[in-house]
Amino acid sequence: MQRVYLDNAATTAIRPEVVDEMANVMKNVFGNPSSTHVFGREAKALIELARKNISQRLNVSPAEIYFTSCGTESNNTIIRSCVNDLDVSRIITSNLEHKCVYEAIKDVESRGKVEVIRLNIFENGEIDYNQLEELLKDHSQKTLVSLMHANNEIGNITDVKRISKLCQENNTLFHTDTVQTVGHYDLDFQDLGMDFASCSAHKIHGPKGAGFLYAKKSSHIKPLISGGGQERGMRSGTENVYGIVGLSKAFDLAIDELDQHIQHIKQIKQYTINQLQEAIPGVGFNGLSGDLDKSLYALLSIRLPFHDALIGFELELAGIAVSQGSACSSGAAKTSGVISTICSSEEIERITPLRVSFSHETTKEEIDILIGTLKKITEKNLLQKA
Ligand code: PLP
């Protein structure tokens, strides 16, 4: 049976070019980057080269990039440090954030450290920008806005430039989780204007266990992890040298081949939408994910017009890997927080949400396998209902 991988928002296959680059470092550069001898200096040079490369591509200063282990660590560091070190006492966020942001904010809230305001969300998954604008007029508390760039479940894209401008006008800090957009778009962080952002290598065909956080030079956040003072004091612990090299290589490949990839993946997404609409009457799409211009081009959040709690297993039996919730909770049958936020409980009883996410390697043949299987599952469900 052919296996079909359509869960690229959860993680991507590491590219062979990345593996080669990492293997070369593993074999030949084993020094501790903190050592002052030549072995250490060689390793340190690789890290600094990666930092320079990434920062140039994002149009920021190398001093604004800190390597971490993943998106989760980056987002946690930013949020917790804003509260602990920058006197933030109010956070404006939404219920659509990835768990690592949502839970970090819930944690600081439960410790009584901050007041948290969660923005109204419209049925299409858009945040209420007018409410945000009104809230920002209150300057009585030091505020952090934390709103993700692209949603990992429904693909909605937030207008980061608009929020940055609002935040700057109101002397407010702005963090945006860019884990689903770095390497998927040619981003200019300076132009986007946020204070903090995050990245995870395994979402862009790089290795697991490597990522970075971006913090504007003027932000002065402090480390969560203390120790040997690596990453200019921001993130102690001996650096994951080959992970960082792999991240930089994956980022290079992603941006150098971006136009071809976007063109291919958009075609695949449009094909999936068309085929689904033809095969399954009443099929819909969650959030803005059916709109190619307003959503992440690599992700489609499908809304099947019946409730099938076993769909994950049925697709699994057919060799198809998709997600029913967010990346971290795939496999869990529980309805995701994002879907619960944009759908009423009666609606949730009547539908089945499915997230499919593509890569430059996804083929139309794979989509045909998905559609054929979903068609059979739909027919079975409609028969059971009749
Ligand atoms: N933020 C978003 C939007 C994500 O999609 C993910 C992963 O699913 C993360 C953060 C967490 O990244 P990591 O898996 O590197 O911890």
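Counting starts at 1 for both ligands and their atoms, in listed order. Note that the structure is a prediction, hence the values are computed from the model and not measured.
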Pick one of side chain, backbone, both or neither for how E73 approaches ligand 1, counting any non-hydrogen atom pair under 4.0 Å. neither
Please tabulate, one pair per line, all N/O donor-acceptor pairs under 3.5 Å involving side-chain atoms of residues 248-261, not counting sequence neighbours.
{"unit_1": "S248", "atom_1": "OG", "unit_2": "N53", "atom_2": "ND2", "d": "2.8"}
{"unit_1": "D252", "atom_1": "OD1", "unit_2": "N53", "atom_2": "ND2", "d": "2.9"}
{"unit_1": "D252", "atom_1": "OD1", "unit_2": "R57", "atom_2": "NE", "d": "2.7"}
{"unit_1": "D252", "atom_1": "OD1", "unit_2": "R57", "atom_2": "NH2", "d": "3.1"}
{"unit_1": "D252", "atom_1": "OD2", "unit_2": "N53", "atom_2": "ND2", "d": "3.3"}
{"unit_1": "D256", "atom_1": "OD1", "unit_2": "R57", "atom_2": "NH1", "d": "3.4"}
{"unit_1": "D256", "atom_1": "OD1", "unit_2": "R57", "atom_2": "NH2", "d": "3.1"}
{"unit_1": "E257", "atom_1": "OE1", "unit_2": "R15", "atom_2": "NH1", "d": "2.9"}
{"unit_1": "E257", "atom_1": "OE1", "unit_2": "R15", "atom_2": "NH2", "d": "3.1"}
{"unit_1": "E257", "atom_1": "OE1", "unit_2": "H261", "atom_2": "NE2", "d": "3.2"}
{"unit_1": "E257", "atom_1": "OE2", "unit_2": "R15", "atom_2": "NH2", "d": "3.3"}

Report yes or no: does K208 have a heavy atom closer than 4.0 Å to ligand 1? no
Decide whether the shortest distance between a heavy atom of G211 and an atom of ligand 1 is less than 4.0 Å. no
Test of ring centre spacing under 6.0 Å for Y185 and Y297: yes
Classify the contact between T72 and ligand 1 as side chain, backbone, both or neither, using a heavy-atom distance cut-off of under 4.0 Å. both
Using distance alone, decide if ligand 1 has a nitrogen or oxygen within less than 3.5 Å of any nitrogen or oxygen in G71. yes
Between CD of E73 and OG of S200, what distance do you get to the nearest 0.5 Å? 11.0 Å
With a cut-off of 6.0 Å (strictly less than), are more than 12 heavy atoms of other residues, nucleotides or ligands near CG of N28? yes
Please state which part of C100 comes within less than 4.0 Å of ligand 1, counting heavy atoms only: side chain, backbone, both or neither. side chain
Out of all atoms in ligand 1, which are within 4.0 Å of some heavy atom of C70? Include the element for each. 13 (P), 15 (O), 16 (O)
For a side-chain contact (heavy atoms from CB on, under 4.5 Å) with S94, tell me which candidate from I117, N151, V338, I127 qualifies. I127
Atoms of ligand 1 under 4.0 Å from any heavy atom of Q180, numbered from 1 in the order shown, are 3 (C), 4 (C), 5 (O)
Would you tell me whether R235 and T68 have side-chain atoms, one donor and one acceptor, within less than 3.5 Å of each other? no
For D188, which residues count as a side-chain contact (heavy atoms from CB on, under 4.5 Å) partner, sequence neighbours excluded? N59, Q190, D191
Just which atoms of ligand 1 are under 4.0 Å from any heavy atom in M148? 3 (C)
What atoms of ligand 1 come closer than 4.0 angstrom to any heavy atom of S200? 13 (P), 15 (O)
